[in-house]
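Working notes, beginning with the structure itself.
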Amino acid sequence: MAMESPHVTAEVIEASEFPQLVAKYHVGGVPKVVVNETVEFEGALPEDRYMDQVLKAAAPPDA
Amino acid sequence: MPLIPVDDQSFLRDKFAKELVNPVNILLFTQHDTPSAIPGPECMYCKETRELVEEISSLSDKINLRIYDFVADAEKARQMGIDKIPAITFDGDSGGRVRYYGIPAGYEFPSLIEDIIDISRHSTGLSQETRESLQKLDKDVDIQVFVTPT
């Protein structure tokens, strides 16, 4: 997604090396995805539902 | 002992020869190995991550590796949005917006290989619909995916 839009940053984080982030985001299972610190989900999602989560994170909070 | 088994190396060499189009620059942010008497900032897999990307870049003339020191090259790290190490990113179109923090082993290894190929070909496997939605995005979105190597 980051390759398709200049607005998207995609970070893959190896959990065992960054325990402070695991604690911060309450990572229980993997994969765990956190979008803009506001939307999060665990497990793999089909592409269209993944995109829905990204759009949800991009939407203004009162929308 | 290479980190990538010899059989996998020849598989990847063929795959890169067939699928890479444009050159890809891998940017690795790491720390210099310090003698144990002078401990540097803790970095669990910096050494192995460096070996891994060195091996990957040796498998194709189209893959270039640039190694930066997180401390000495702090300005470059800031520019590319790198805030921890080891970090792998790429320049070009995706300009530092695709990042791997920690060693890309296990399931992440094939993801990294696919990203290298996508970057080289300027194309992704995303559907037309997803790409259209992404092109309409007008706000910044930061996606963090937590993984483990196994």
Side-chain angles (χ1 to χ4, degrees), chain A, chain B residues 42-46 48-49 80-90 92-108 111-112 114-115 118-119 121-127 129-150:
Chain A
M1 290 184 180
M3 293 179 208
E4 298 282 0
S5 165
H7 287 289
V8 179
T9 302
E11 305 185 313
V12 177
I13 301 164
E14 203 278 281
S16 70
E17 291 170 63
F18 303 101
Q20 70 282 21
L21 293 178
V22 169
K24 179 178 175 190
Y25 295 110
H26 309 285
V27 178
V30 291
K32 167 145 183 174
V33 181
V34 180
V35 190
N36 279 7
E37 322 248 330
T38 53
V39 172
E40 52 181 78
F41 56 94
E42 267 181 39
L45 284 184
E47 186 179 313
D48 55 337
R49 291 188 47 214
Y50 203 121
M51 191 60 212
D52 288 345
Q53 299 295 319
V54 170
L55 294 175
K56 198 163 103 184
D62 55 338
Chain B
E42 195 179 317
C43 183
M44 218 187 288
Y45 294 121
C46 272
E48 290 79 4
T49 303
M80 301 306 281
I82 300 297
D83 61 5
K84 47 193 169 281
I85 53 171
I88 294 167
T89 188
F90 308 91
D93 289 354
S94 67
R97 286 177 293 99
V98 176
R99 303 170 192 145
Y100 284 77
Y101 288 114
I103 188 162
Y107 290 126
E108 297 331 301
S111 304
L112 176 64
E114 289 307 319
D115 280 357
D118 286 351
I119 286 169
R121 301 177 72 90
H122 300 295
S123 75
T124 61
L126 295 173
S127 71
E129 204 188 347
T130 302
R131 284 187 283 128
E132 278 169 13
S133 303
L134 286 166
Q135 272 144 32
K136 277 184 238 152
L137 263 188
D138 57 1
K139 294 205 170 56
D140 289 345
V141 177
D142 178 30
I143 306 174
Q144 299 180 89
V145 183
F146 288 88
V147 299
T148 53
T150 47

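Residue numbers start from 1 in every chain, and the chains themselves are labelled A, B, ... in the order their sequence lines are given, proteins ahead of strands.
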A/E42, A/E40, A/M3: which one forms the most heavy-atom pairs within less than 4.5 Å of chain B?
-> A/M3
What closest approach, in Å, do A/N36 and B/D142 show between heavy atoms, and which atom pair accounts for it?
-> OD1-N, 2.6 Å
A/M1, part contacting chain B, at a heavy-atom distance under 4.5 Å | both
Chain B contact via A/E37 - which portion, at a heavy-atom distance below 4.5 Å | side chain
Residue B/I88 versus chain A: region with a heavy atom under 4.5 Å = neither
Can you tell me how far NE2 of B/H122 sits from CD of A/E4, rounded to the nearest 0.5 angstrom?
-> 12.0 Å
Region of A/V27 that comes under 4.5 Å of a non-hydrogen atom in chain B | side chain
Could you have a look at B/P86, B/S94, B/P149, B/A87 and say which one has the most heavy-atom pairs with chain A under 4.5 angstrom?
-> B/P149
Who among B/V141, B/I119, B/V98 has the most heavy-atom pairs with chain A under 4.5 Å?
-> B/V141
With side chains defined as the heavy atoms from C-beta onward, is the minimum distance between A/E14 and B/Y45 less than 4.5 Å?
-> yes
Does a side-chain heavy-atom distance below 4.5 Å link A/L21 with B/K84?
-> yes
What is the minimum heavy-atom distance between B/M44 and A/S16, and which atoms define it?
-> CE-O, 3.5 Å
Please examine the side chains of B/L126 and A/Y50, heavy atoms only from C-beta on, and report whether any two atoms are closer than 4.5 Å.
-> no
Go through the atoms of A/D48 and report whether side chain, backbone, both or neither lie under 4.5 Å from a heavy atom of chain B.
-> neither
Over 12 non-hydrogen atoms of neighbours within 6.0 angstrom of CD in B/E129 = no
Compare every heavy atom of A/H7 with every heavy atom of B/L137, then report the nearest pair and how far apart it is.
-> O-CD2, 3.1 Å
Here the pair of heavy atoms bringing B/L134 nearest to A/M51 is CD2-CE, 3.6 Å
Pairwise side-chain contact, B/V145 with A/I13, heavy-atom cut-off 4.5 Å (strictly under) = no
Is any side-chain heavy atom of B/V147 less than 4.5 Å from a side-chain heavy atom of A/V12?
-> yes
Give me the ring orientation class for A/Y25 and B/F146: parallel if the planes are under 30° apart, tilted from 30 to 60°, perpendicular past 60°.
-> tilted
Flag for B/Q135-A/S5: side-chain donor and acceptor within less than 3.5 Å | no
What are the two closest heavy atoms between A/E17 and B/I103, and how far apart are they?
-> OE2-N, 2.9 Å
Between B/R99 and A/E11, is there a donor-acceptor pair closer than 3.5 Å when you use the side chain of the first and the backbone of the second?
-> no
Answer with side chain, backbone, both or neither: which region of B/E108 has an atom nearer than 4.5 Å to a non-hydrogen atom of chain A?
-> side chain
Do the side chains of B/D140 and A/T9 get nearer than 4.5 Å, heavy atoms only?
-> no
CZ/A/F41: more than 12 non-hydrogen atoms of other groups inside 6.0 Å | yes
Could you tell me which portion of B/L112 (side chain, backbone, both or neither) has an atom closer than 4.5 angstrom to a non-hydrogen atom of chain A?
-> neither
Heavy-atom proximity to chain B below 4.5 Å, by part of A/L55 | side chain
